[in-house]
Amino acid sequence: QQQVKQSPQSLIVQKGGISIINCAYENTAFDYFPWYQQFPGKGPALLIAIRPDVSEKKEGRFTISFNKSAKQFSLHIMDSQPGDSATYFCAAITGANNLFFGTGTRLTVIP
Amino acid sequence: DAGVIQSPRHEVTEMGQEVTLRCKPISGHNSLFWYRQTMMRGLELLIYFNNNVPIDDSGMPEDRFSAKMPNASFSTLKIQPSEPRDSAVYFCASTISHTDTQYFGPGTRLTVL
C-alpha cells in the first residue's frame, strides 16, 4: 500500500514554464512533508519541506502548497530551468522519523 | 564537511554470493537508514537505527538481508545469498535524532547476475 501517492509520473515543461507535481496521503499522523530532488547517479537531496500548520512555503523558485483538509500537497517550480531536470520525490514523515516516499516524478525542462 | 559515505559505489556479483554494503553516516548523526531504490518499487525503507540500535526492520524483504551498526560511525547491509531480484541502488541516509532532514549518501548500485 502506497502511503504517499504522487503524480504525474513524468513531466515535460518548456524553459520558463511552471512545473507542478502533486501528492496525496491518508495517514493523519504525518507531521512533516519534505520534497527531495534526485539527479541521475546521486542520492536524493532535500529541496524544501513544510509542516501541516502552514498552507504555503516558498524558497526561491520552489513553492509547496499544502491543503490539510484535502490531505494533499504540491510542489510548484516557477520559471523552470533545464538544470531543474531531475526526479522529484514527495515524502511524509511520522514522529518516529519513518519516511515514506512517493513514487517520483521525472521532470524534463526543454530549453 | 563530508556527507554520508557509501562503499562500494558499484557492485557486480553472481547469484548466490554474499554481498556487503557499507555506510559511514555524518558525524554526530544518531539515526541511520537503509533504503532500496528500483524502477518498479521506487524508494523503500529497509531498516533504520537509532543510537546504533535497530528500531524498525519491517522493510527488510527476507531473512537473506541483515543489517548491523556496531558503532556510531559504521553500518553494513548484508545480503546472503544474493539473487538477481536484489539488483537495485541501495542508499544509506543519516539524521540527527528529533530533526527531520535525512541526508542521503550517493548509493551503491548492486547488480546480481
Side-chain angles (χ1 to χ4, degrees), chain A residues 1-10 21-25 27 29-54 57 59 62 64 66 73 86-107, chain B residues 1-10 21 23-26 29-51 53-60 88-111:
Chain A
Q1 180 184 359
Q2 192 70 32
Q3 293 268 1
V4 180
K5 297 180 179 179
Q6 182 172 348
S7 63
Q9 190 172 20
S10 62
I21 304 170
N22 300 300
C23 287
Y25 65 98
N27 187 349
F30 290 138
D31 58 6
Y32 188 67
F33 300 88
W35 284 88
Y36 282 81
Q37 180 187 55
Q38 185 178 26
F39 292 104
K42 304 291 186 181
L46 180 68
L47 182 65
I48 186 173
I50 196 169
R51 296 196 180 276
D53 55 347
V54 176
K57 183 173 182 179
E59 290 184 2
F62 301 90
I64 300 178
F66 190 86
F73 58 110
T87 300
Y88 292 82
F89 294 91
C90 61
I93 299 179
T94 66
N97 219 354
N98 287 0
L99 182 62
F100 296 94
F101 282 94
T103 50
T105 297
R106 179 171 292 185
L107 171 65
Chain B
D1 186 18
V4 175
I5 299 172
Q6 290 186 247
S7 65
R9 292 295 311 277
H10 302 273
L21 311 182
C23 175
K24 177 178 169 56
I26 294 173
H29 283 192
N30 298 323
S31 295
L32 183 141
F33 304 76
W34 282 100
Y35 292 89
R36 178 172 66 176
Q37 186 175 38
T38 62
M39 289 294 294
M40 291 295 295
R41 301 175 66 89
L43 271 162
E44 301 174 278
L45 177 65
L46 300 177
I47 185 171
Y48 85 92
F49 296 83
N50 194 37
N51 292 321
V53 176
I55 303 299
D56 183 358
D57 65 354
S58 60
M60 296 285 263
V89 180
Y90 291 81
F91 288 103
C92 175
S94 72
T95 185
I96 299 173
S97 294
H98 310 300
T99 64
D100 305 310
T101 300
Q102 294 189 13
Y103 295 87
F104 284 75
T108 295
R109 181 175 294 277
L110 173 65
T111 303

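Throughout, a chain's letter reflects where its sequence line sits, starting with A, and its residues are numbered from 1. Here the structure is a predicted model, which is why all the values come from computation and not from measurement. Computed from heavy atoms alone, side chains included, the values below leave out hydrogens, waters and symmetry copies.
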Whether over 12 other heavy atoms sit under 6.0 Å from A/Q9 CD: no

Return the set of residues passing ring-ring contact (aromatic ring centres under 6.0 Å, His included) with B/Y103 (not counting sequence neighbours), or none when no residue passes. B/H29

A/T87 OG1 to B/L43 CG distance, which is reported to the nearest 0.5 Å: 10.0 Å

Relative to chain A, which of B/G107, B/G42, B/P106, B/C92 shows the most heavy atom pairs under 4.5 Å? B/P106

Can you tell me which portion of B/R9 sits under 4.5 Å from chain A's heavy atoms? Options are side chain, backbone, both or neither. side chain

Check whether A/F100 gets within reach of chain B through its side chain, its backbone, both or neither, counting any heavy atom under 4.5 Å. neither

Could you tell me which portion of B/Q37 (side chain, backbone, both or neither) has an atom closer than 4.5 angstrom to a non-hydrogen atom of chain A? side chain

Nearest heavy-atom neighbours spanning B/F91 and A/Q38: CZ-NE2, 3.3 Å

Between atom CZ of A/F101 and atom CG of B/L45, what is the distance when rounded to the nearest 0.5 Å? 9.0 Å

Spacing of B/M40 atom CE and A/T103 atom OG1 [to the nearest 0.5 Å]: 12.0 Å

